[in-house]
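Accompanying notes for the structure given below.
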Amino acid sequence: MKIRPLLLALALASPVVTPLHAQEVRTPPAPDCLDARDVQQVEQDTPGAIAVADGQGRAFRLDFAAACPGVNEADTLRLEAPLGWACGQPGERVVVDGRSCAVSAVTPIDGRSFATIARESSRQYAATLPGVTVSAKGRGGRSGDTPHTFQTSSAVCFATRNIRGWSESPEGVVVETNPRRNGGHRYYHVELASSCSILAGATDVDFQSGFQNGLICGNPRDRIVLMPSGIEGDGRTYTPSFARPGCDILAVYPKDDNRAP
C-alpha cells in the first residue's frame, strides 16, 4: 500500500490566523458548519465530494459544485473558507494542487458513514492518510508557520495492541480500547460480514489484521478469531491462528462521537 503525506494549508479571509493552541472556543455561525481550523482527516471516494473529520469527533461531507478528482493523491490541499468556517456558502473552496473546487454543500455525517467512505477511498486510491499537517501563519512564541500534525486512523481503525476488552452487540461486537492511544475513542463498533456463532460463550478472541499491520479497519482479511480455551485436549491449541474458526470484519467505527478526556 502506497502511503503519501498530505499537506493541508489553511487559507482564511483574515491575513493573520491565531495559532491553534492559543485560540478561544469558537462559536460556529450555524450548527452544521465545519471549523476549517480543526480539520484532521480528509478522504475522497468520489470525484464529487470529500469526507472530513475534525478534532471533536465529528465528520462532514463536502460536496463540490463540479467534479474535483485527485484529492487523495494531492501534494497540497488548501481549504479556503471566510472566517474559517465551512458551511456550504458562496466563497468556500478546496484548492487541490492549484486547482480550485467550489464547495456547494457541507453536511454532517455519522461515524459509520465516514468509515465507509474512508475504506472505499483506501481501496480506490491504495492510500490512507497517515497524518495531516495544518500550517497557519500566527503570532506567538514562534515566528512563521506553526505546524500541527495529527494521526488520522483512529476515526476508522483501532490498534490491536490497545484492546482492553470486547462484548457482543446487536451490530456485531463492541471493542474497548485505550482512548489515549486511539485518538480519544474508547469504544468501537465492529460489524461482521455475517452472523458469528463462534462468539457464543467465547471467552478469548483475537483480532487479526488482514494487512498484518496491527490495525483493524474492516480491510480485506481483517478477522475476529476464537482462541484456544486452555482446556486439555482442545485441538485449537495446535492449530495455526489463520486456520482457527473466525469471522470476517466488515466495518469499524467509533461507538459515538464523545471522546474520552
Side-chain angles (χ1 to χ4, degrees), residues 1 3 5-8 10 19-26 34-43 51-60 108-119 121-122 128-136 140-142 146-169 171-191 203-219 222-225 227 249 251-261:
M1 179 173 60
I3 298 177
L6 179 67
L7 179 65
L8 180 61
L10 176 64
L20 296 181
H21 59 78
Q23 292 176 7
E24 298 179 355
V25 176
R26 287 159 38 83
L34 164 67
D35 186 347
R37 306 180 188 186
D38 196 24
V39 171
Q40 292 201 37
Q41 183 172 356
V42 181
E43 300 286 354
V52 174
D54 69 11
Q56 309 306 311
R58 299 203 303 165
F60 299 82
I109 58 177
D110 60 22
R112 186 182 189 281
S113 298
F114 182 83
T116 299
I117 293 171
R119 285 194 306 275
S121 170
S122 177
T128 54
L129 306 182
V132 176
T133 300
V134 179
S135 299
R142 296 178 59 183
T146 302
H148 300 267
T149 301
F150 305 94
Q151 296 301 314
T152 64
S153 63
S154 65
V156 294
C157 306
F158 61 84
T160 55
R161 66 181 179 275
N162 297 324
I163 296 175
R164 290 178 170 177
W166 66 278
S167 62
E168 289 188 78
S169 73
E171 294 82 11
V173 172
V174 172
V175 172
E176 181 181 3
T177 71
N178 182 346
R180 295 182 181 275
R181 300 291 184 179
N182 282 279
H185 301 296
R186 184 183 298 277
Y187 297 102
Y188 287 81
H189 280 303
V190 177
E191 291 187 8
T203 56
D204 293 320
V205 299
D206 184 30
F207 290 85
Q208 296 182 349
S209 170
F211 289 165
Q212 300 183 13
N213 60 3
L215 295 177
I216 302 298
C217 314
N219 289 321
D222 281 357
R223 302 174 73 227
I224 181 171
V225 178
M227 297 293 289
I249 294 173
V252 172
Y253 50 96
K255 189 172 183 294
D256 54 48
D257 291 335
N258 297 320
R259 297 192 175 194

inquiry  = With rounding to the nearest 0.5 angstrom, report the CZ to CG distance, Arg58 to Leu34.
reply    = 7.5 Å
inquiry  = Walk me through whether Glu191 and Ile249 qualify under side chain to side chain contact (heavy atoms under 4.5 Å, CB included).
reply    = CA-CA 6 Å; Glu191 291 187 8; Ile249 294 173; over 6 Å; no
query = Looking only at heavy atoms, which two atoms of Asp222 and Phe211 are closest? And how far apart?
reply = OD1-N, 4.3 Å
query = With a cut-off of 6.0 Å (strictly less than), are more than 12 heavy atoms of other residues, nucleotides or ligands near CZ of Arg164?
reply = yes
message = On a heavy-atom basis, which atom in Gln40 and which in Gly55 lie closest, and how many Å separate them?
response = NE2-CA, 2.6 Å
request  = Could you tell me whether the side chain of Thr116 and the main chain of Arg112 form a donor-acceptor pair under 3.5 Å?
outcome  = yes
request  = Would you name the heavy atoms of Ser113 and Ile109 that are closest together and state the gap between them?
outcome  = CB-CB, 4.1 Å
Any donor-acceptor pair under 3.5 Å from Thr177 side chain to Ala159 backbone = no
request  = For Ser209 and Leu215, work out which heavy atoms get closest and say how close.
outcome  = OG-O, 3.0 Å
note = For Tyr253 and Gly111 the tightest heavy-atom approach is CB-O, 3.6 Å
query = With side chains defined as the heavy atoms from C-beta onward, is the minimum distance between Arg181 and Arg161 less than 4.5 Å?
reply = no
message = Students often mix this up, so state it plainly: with edges at 30° and 60°, are the rings of Phe158 and Phe207 parallel, tilted or perpendicular?
response = perpendicular
ask   = Roughly how far, to the nearest 0.5 Å, is the CG atom of Asp206 from the CH2 atom of Trp166?
value = 12.0 Å
request  = Taking all non-hydrogen atoms of both residues into account, name the closest pair between Cys217 and Arg119 and its distance.
outcome  = O-CD, 3.2 Å
query = What do the steps show when you test Asp54 against Asp35 for side chain to side chain contact (heavy atoms under 4.5 Å, CB included), and what is the final call?
reply = CA-CA 8 Å; Asp54 69 11; Asp35 186 347; 5.7 Å; no
